[in-house]
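Okay, structure first, notes after.
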Amino acid sequence: MSTNTGQSQHQRITTALSRAEFESALRAKGTSYHIHHPFNVRLNTGQCAPAEVRTWIANRFYYQACIPRKDAAVMANMPDRAERRLWILRILDHDGHGDYEGDDAGGIESWIRLGEAAGLSRDTLTSLELVVPGVKFACDAYVNFARQVPWQEAVCSSLTEMFAPQIHKDRLASWPEHYPWIDPAGLSYFRSRIPLASRDVDHGLRVTLDYFKTAEQQQRALDILQFKLDILWCMLDAIELACAEANR
Ligand SMILES: O=C(O)c1cc(C(=O)O)c2c(n1)C(=O)C(=O)c1cc(C(=O)O)[nH]c1-2
């Protein structure tokens, strides 16, 4: 298992940062993003066996399935109609704007098609039979956090999406070469998320920069972002361990 100590959390904020400085401090957290996790590095440099890629897809399915539940929890805490009108798009992105079968069936359906392209059946994915306890705990922690905190704090926790477009681009660039046994049509989830993540981040950053003003509040925002980075990191630790055990 790999260590990620979130070094920057030791440099505490003592004087309130300007808007630009605060945004830079949030973006600097990218050094702890799971893009740097050894399992992700192996995955995106073609070093995973087919069974390991499938283990990743099946476990990440649980995260995908949790995201709209998390977003519904955030929305339940939003008193403002204008904010809800923006936020509801996130739920529809995953659950689908269109019918179940069409091109606009949503991110969860796209992820199932990714699984099918990699040789996993719809039933295997949706039964969650391959999801390991560590991944379950990590994803459930995210949903529970969103239920319990002020909605602006939950919005802040979604800001790991600042770093997501690069990880999606890496997969699109490297998987067809390294994993030619996966039908490239199955990669459309990654393509679809690049513009959606940017839209989500525009909204999430506006809320976060408006809400967290004092040094103490800004430190809280950085700690929340670290908590979410840790969730993503823990998921890959658990997936890496599951792969190592399967290879034994
Ligand atoms: O593939 C990834 O590495 C990755 C990471 C993240 C993230 O950084 O939280 C999200 C996604 N994908 C994603 O597809 C997605 O829809 C998403 C929503 C959220 C969120 O916190 O609301 N994160 C992410």
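Counting convention: from 1, in listed order, for ligands and their atoms alike.
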Original post:
Can we say Arg90 and Glu161 salt-bridge, meaning some charged N sits less than 4.0 Å from an Asp/Glu carboxylate O?
Top reply: yes
Original post:
With a 4.0 Å heavy-atom cut-off (strictly under), which part of Ile35 contacts ligand 1: side chain, backbone, both or neither?
Top reply: neither
Original post:
So which heavy atom on Lys228 is nearest to which on Ser158, and how close?
Top reply: NZ-CA, 4.0 Å
Subject >> Subset of ligand 1 atoms that lie under 4.0 Å from at least one heavy atom of Ile167 >> reply: 2 (C), 3 (O)
**OP:** Give the ring-plane orientation class for His168 versus Tyr189, where under 30° counts as parallel, over 60° as perpendicular and anything between as tilted.
**Re:** perpendicular
Original post:
Does a side chain donor of either Trp175 or Asp170 reach within less than 3.5 Å of an acceptor in the other side chain?
Top reply: no
**OP:** Report the part of Met162 in contact with ligand 1, treating N, CA, C, O as backbone and CB onward as side chain, heavy atoms under 4.0 Å; options are side chain, backbone, both, neither.
**Re:** neither
Original post:
For atom 20 (C) of ligand 1, what is the nearest protein heavy atom, given as residue, atom name and distance?
Top reply: Tyr142 OH, 3.5 Å
Original post:
Looking at ligand 1, does Tyr189 have a heavy atom less than 4.0 Å from it?
Top reply: yes
Original post:
Quick one: hydrophobic cluster around Ile88, which other residues, with the 4.5 Å side-chain cut-off, linked directly or via members?
Top reply: Val74, Met75, Met78, Trp87, Ile91, Trp151, Val155, Val207
Original post:
If you measure every N/O of Ser157 against every N/O of ligand 1, is any gap under 3.5 Å?
Top reply: no
**OP:** Return the residue, atom name and 0.1 Å-rounded distance of the protein heavy atom closest to atom 3 (O) of ligand 1.
**Re:** His34 NE2, 2.8 Å
Original post:
Do any nitrogen or oxygen atoms of Tyr33 lie less than 3.5 angstrom from nitrogen or oxygen atoms of ligand 1?
Top reply: yes
Original post:
Closer than 4.0 angstrom: is that true for some heavy atom of Lys70 and an atom of ligand 1?
Top reply: yes
Subject >> Numbering as shown, the atoms of ligand 1 that approach Ile67 to under 4.0 Å (heavy-atom distance) >> reply: 18 (C), 19 (C), 20 (C)
**OP:** Determine whether the side chains of His37 and Asp237 contain a donor N or O and an acceptor N or O closer than 3.5 Å.
**Re:** yes
Subject >> Leu232: numbered ligand 1 atoms lying under 4.0 Å from its heavy atoms >> reply: 7 (C), 8 (O), 9 (O)
Subject >> Nearest-neighbour protein heavy atom for atom 11 (C) of ligand 1, which is reported as residue plus atom name and distance >> reply: Arg60 NH2, 4.0 Å
Original post:
Which bit of Thr160 is near ligand 1, meaning a heavy atom under 4.0 Å away: side chain, backbone, both or neither?
Top reply: both
Original post:
Counting heavy atoms only, which part of Glu161 comes closer than 4.0 Å to ligand 1: side chain, backbone, both or neither?
Top reply: both
Subject >> Pairing of Arg220 and Glu216 as salt bridge, 4.0 angstrom limit >> reply: no
Original post:
Is ligand 1 under 4.0 Å from a heavy atom in the side chain of Phe190, in the backbone, in both, or in neither?
Top reply: neither
Original post:
Any side-chain donor paired with an acceptor under 3.5 Å for Gln47 and His178?
Top reply: no
Original post:
What do we get for Tyr63 next to ligand 1 when only non-hydrogen atoms under 4.0 Å count, side chain, backbone, both or neither?
Top reply: side chain
Subject >> Donor-acceptor side-chain pairing of Gln166 and Tyr33 below 3.5 angstrom >> reply: no
Subject >> Pairs satisfying ring pair (Phe, Tyr, Trp, His ring centres under 6.0 Å), at least one member in residues 61-80, at least two apart >> reply: none
